[in-house]
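Everything on this sheet refers to the single structure shown next.
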2 protein chains.
Amino acid sequence: MENNAKKRQRPGRANIKLEDVAIHAGVSPATVSRFLNNPKVVSEEAKKRIKAAIATLGYMPHRAARALASNHSRTIGAVVPTLDNAIFSRQIMAFQNRLAFNGYTLLLAVSEYDADSEFQQARVLLEHGVEALMLVGERRSAEFYSLLTRVGVPFVNTWLYRSDSIHPCCGFIHDSTQQVLVDHLVGLGHRRLSVITGQPENNDRVATRLNAIVAALESHGLDLDPRCVINTHYSYADGREALRRLMALDEQPTAVLAGNDVLASGVLFEAHSQGIDVPGHLSVTGFGDLAISEHLYPPLTTIRTPKEEIGEAAADFLIARLAGRETPDRTELPARFCLRASTGPAATPALAHGIGGDGF
Amino acid sequence: MENNAKKRQRPGRANIKLEDVAIHAGVSPATVSRFLNNPKVVSEEAKKRIKAAIATLGYMPHRAARALASNHSRTIGAVVPTLDNAIFSRQIMAFQNRLAFNGYTLLLAVSEYDADSEFQQARVLLEHGVEALMLVGERRSAEFYSLLTRVGVPFVNTWLYRSDSIHPCCGFIHDSTQQVLVDHLVGLGHRRLSVITGQPENNDRVATRLNAIVAALESHGLDLDPRCVINTHYSYADGREALRRLMALDEQPTAVLAGNDVLASGVLFEAHSQGIDVPGHLSVTGFGDLAISEHLYPPLTTIRTPKEEIGEAAADFLIARLAGRETPDRTELPARFCLRASTGPAATPALAHGIGGDGF
DNA sequence: TGAACCAATGAAAGCGCTTACAGACACCTG
DNA sequence: CAGGTGTCTGTAAGCGCTTTCATTGGTTCA
């Protein structure tokens with residue numbers, strides 16, 4: 001009867017609140033709160049008693065209440081296209097790790113490469129009061145960007161770097177990175193290249209790299225046969241299927257630029273099962289450098305992308321912003337060319353259709 | 001001057017609140033709240049005006065306030081060992097997808113196979129008011145379980161199923177699943193098996209499977225030479241290194257049971273580079289069935305684990321519990337044996353040291 | 001000795017929502 | 001027409017914290 005108000009029970013939480021700790025420790029709630037948030041202003045004596053009270057009561061702060069009162073949720077959101085690809089999962093791991101280290105919790109959503117879904121999910125994260133947001137890519141609706149600026153949370157676009165971007169970003173320059181691969185192949189004598197990649201309409205990095213390939217070829221006086229460009233999804237089976245289509249062409253390409261290492265692996269697998277010699281008959285490049293890529297037969301020539309570095313840099317950027325620290329809007333984390341054995345001199349036309357080399 | 005109180009600005013959010021919507025729509029805050037949470041009780045007229053007000057003001061609900069007032073955060077937490085492995089990332093994708101569909105947001109933490117970290121991170125998620133929790137495995141401190149029950153949030157242990165578990169769980173039975181592999185190899189004439197797996201002390205599934213291997217061998221009157229058991233980490237390089245150690249033994253095993261498909265792939269890669277014929281000279285099994293496994297040379301005999309199914313079942317279970325619906329505590333999602341080409345009859349002793357077959 | 005300062009604390013007013021309760025109104029029913 | 005019923009709405013009291021402001025008692029300094 002000591003409490004005549006209808007007591008709304010809190011299912012789903014231990015029912016100990018800050019006030020209980022205060023009573024137990026013989027101090028005011030304000031002091032307990034200060035102990036939690038800024039311990040140096042409370043006396044040793046009070047600290048000791050509060051600590052004891054927290055321990056014996058098993059008190060856990062109620063973050064929603066804290067968020068409401070202090071206007072700080074201590075959460076940061078991320079929306080990524082998928083976790084299927086090791087690329088994003090490593091980024092997220094590094095990101096989450098950095099956040100946790102700094103006392104932030106990650107709210108995660110997956111967009112499945114769908115722009116509407118990305119927007120929708122980001123909205124929900126904002127409603128949840130995330131103090132900052134990590135996103136992938138930069139192409140999105142004006143409405144999305146205007147929400148972001150209206151709400152005023154710091155955000156960062158990852159996986160790309162453009163020195164003239166109007167938004168904070170961290171990643172690498174896709175054009176020049178992609179160009180390295182094209183130059184490499186052309187330098188090996190390849191004249192008829194092919195591309196197997198994702199859907200440019202859902203993925204601005206794919207679109208950029210595709211353009212970069214065309215531009216790079218142009219600079220060599222070459223062009224890209226549209227029949228040699230296959231836009232597909234990111235699975236091994238898709239990579240295999242794409243190579244089959246390419247090999248069915250009457251003028252077969254001598255090299256394949258795969259959009260990522262999964263696709264490239266698929267190409268390698270298919271080449272193997274068809275007895276196509278790589279790199280004797282066909283050169284293959286990947287993009288991303290997965291852990292497995294150096295172990296494939298032959299080891300894959302690819303681009304090592306800074307997955308963890310991007311996650312960490314994004315976290316550091318956002319945390320710095322939230323702490324009011326000055327920090328540059330754009331961070332370039334270069335991707336590196338990994339020359340391995342899946343690329344080699346273009347077969348001379350005379351040999352082009354033979355099954356060369358020692359296979360696998 | 002209409003507001004003489006010191007106005008704490010809300011940086012990081014659009015400053016429109018429910019009350020503003022109410023004023024704009026000419027109704028009380030309660031009605032707006034009802035519109036948001038239980039629209040069927042508000043009149044069509046009011047609905048229309050509130051909808052318009054929300055749209056023109058660009059109102060976004062403040063979830064922390066809502067959580068505080070209603071005692072429902074609409075968030076669910078998950079702690080997984082890693083996202084590095086496709087296993088858990090697929091589970092998380094499926095889980096998150098299901099949550100989002102039901103209006104829940106995922107708070108994600110990664111424990112890196114560390115029990116203290118798992119506990120710590122789960123605590124933080126609980127502080128954030130997650131209404132339910134998905135975990136991996138079942139071995140954890142009594143303190144952890146007591147917190148879970150004290151706080152009273154529904155939780156579920158994933159990746160294992162035990163009909164006699166006292167906690168909700170969803171997954172498969174490791175013992176019998178593992179046994180299938182052992183029986184398969186023994187049935188092929190293998191007598192000297194080896195195991196390459198993770199660290200049983202950090203991973204109860206590994207420990208269970210290891211015991212299951214010993215038991216299964218015993219049932220065939222065989223035993224497991226301790227020198228043939230290698231506990232390592234989950235990388236391709238670790239798998240390769242482990243095979244090297246196994247091959248350096250004076251009595252070489254004729255089969256390797258790898259703890260997961262990554263390790264098994266490493267074994268395959270190393271076997272290839274050493275010219276060891278698989279399965280002619282050495283049989284290899286995996287565990288998990290990654291997307292790549294069917295494409296390897298030779299395609300990997302392994303166990304297909306229900307990754308997405310586990311994520312979905314876990315989400316469904318927790319959501320049902322939160323909705324007060326009856327639902328069984330334990331869900332068995334069987335793992336399936338995938339017979340492929342990496343296993344074959346044990347080499348006869350006479351041939352055991354030769355390099356057989358056509359390699360790759 | 002009194003003014004000035006400082007460190008430590010408590011009282012109380014919210015943060016932006018939800019919800020119990022009661023009131024207002026329209027409509028039946030006997 | 002009194003009384004009941006049902007639908008919709010508003011009032012106001014919190015949810016568990018943070019934080020401003022005022023107060024206390026002790027120290028230092030001129």
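In what follows, every chain begins at residue 1, and chains take the letters A, B, ... in the order their sequences are listed. Quantities reported herein were computed from a predicted structural model and do not represent experimental measurements.
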Taking every non-hydrogen atom, the tightest pair across A:C170 and A:A314: SG-N, 3.9 Å
Decide whether a cation-pi geometry holds between A:R140 and A:F144; the criteria are a distance under 6.0 Å from NZ or CZ to the six-membered ring centre and an angle within 45° of the ring axis. yes
In this structure, how many angstroms lie between the [atom2] atom of [N] and the [atom1] atom of [X], rounded?
X	N	atom1	atom2	result
A:L68	D:dG14	CG	P	17 Å
A:L18	D:dT18	CG	C1'	9 Å
B:F35	D:dC8	CZ	P	15 Å
A:R66	C:dC17	CZ	P	21 Å
A:R63	C:dC15	CZ	C1'	18 Å
A:D20	D:dC17	CG	C1'	13 Å
B:H72	D:dC15	NE2	C1'	13 Å
A:N38	C:dA8	CG	P	11 Å

Under 3.5 Å: donor-acceptor pair, side chain of B:E131, backbone of B:R74: yes
Is any side-chain N or O of [X] closer than 4.0 Å to OP1 or OP2 of [N]?
X	N	result
A:S43	C:dT9	yes
B:N71	C:dT18	no
A:T31	C:dG10	yes
A:S70	D:dT18	no

Which one, [options], comes nearest to the side chain of [X]?
X	options	answer
A:A69	C:dG14, C:dG16, C:dT18	C:dG14
A:H62	D:dG16, C:dG10, D:dG10	D:dG16
A:R34	D:dT18, D:dT19, D:dC15	D:dT19
B:K17	C:dC17, D:dG16, C:dG10	C:dC17
B:A46	D:dT9, C:dG16, D:dA12	D:dT9

Looking at every strand, decide which applies to A:Y59 at a 4.0 Å heavy-atom threshold: base, sugar-phosphate, or nothing. sugar-phosphate
Base, sugar-phosphate alone, or nothing: which one does B:A64 contact when heavy atoms must sit under 4.0 Å apart? nothing
For A:E112 and A:Q121, what are the C-alpha separation, side-chain angles and deciding distance, and is it a side chain to side chain donor-acceptor pair (under 3.5 Å)? CA-CA 11 Å; A:E112 293 178 323; A:Q121 307 243 36; over 6 Å; no
With a 4.0 Å cut-off, would you call B:E44 and B:K48 a salt bridge? no
Walking DNA chain C from its 5' end, the first of A:S28 and B:N37 to be reached, judged by nearest nucleotide, is A:S28
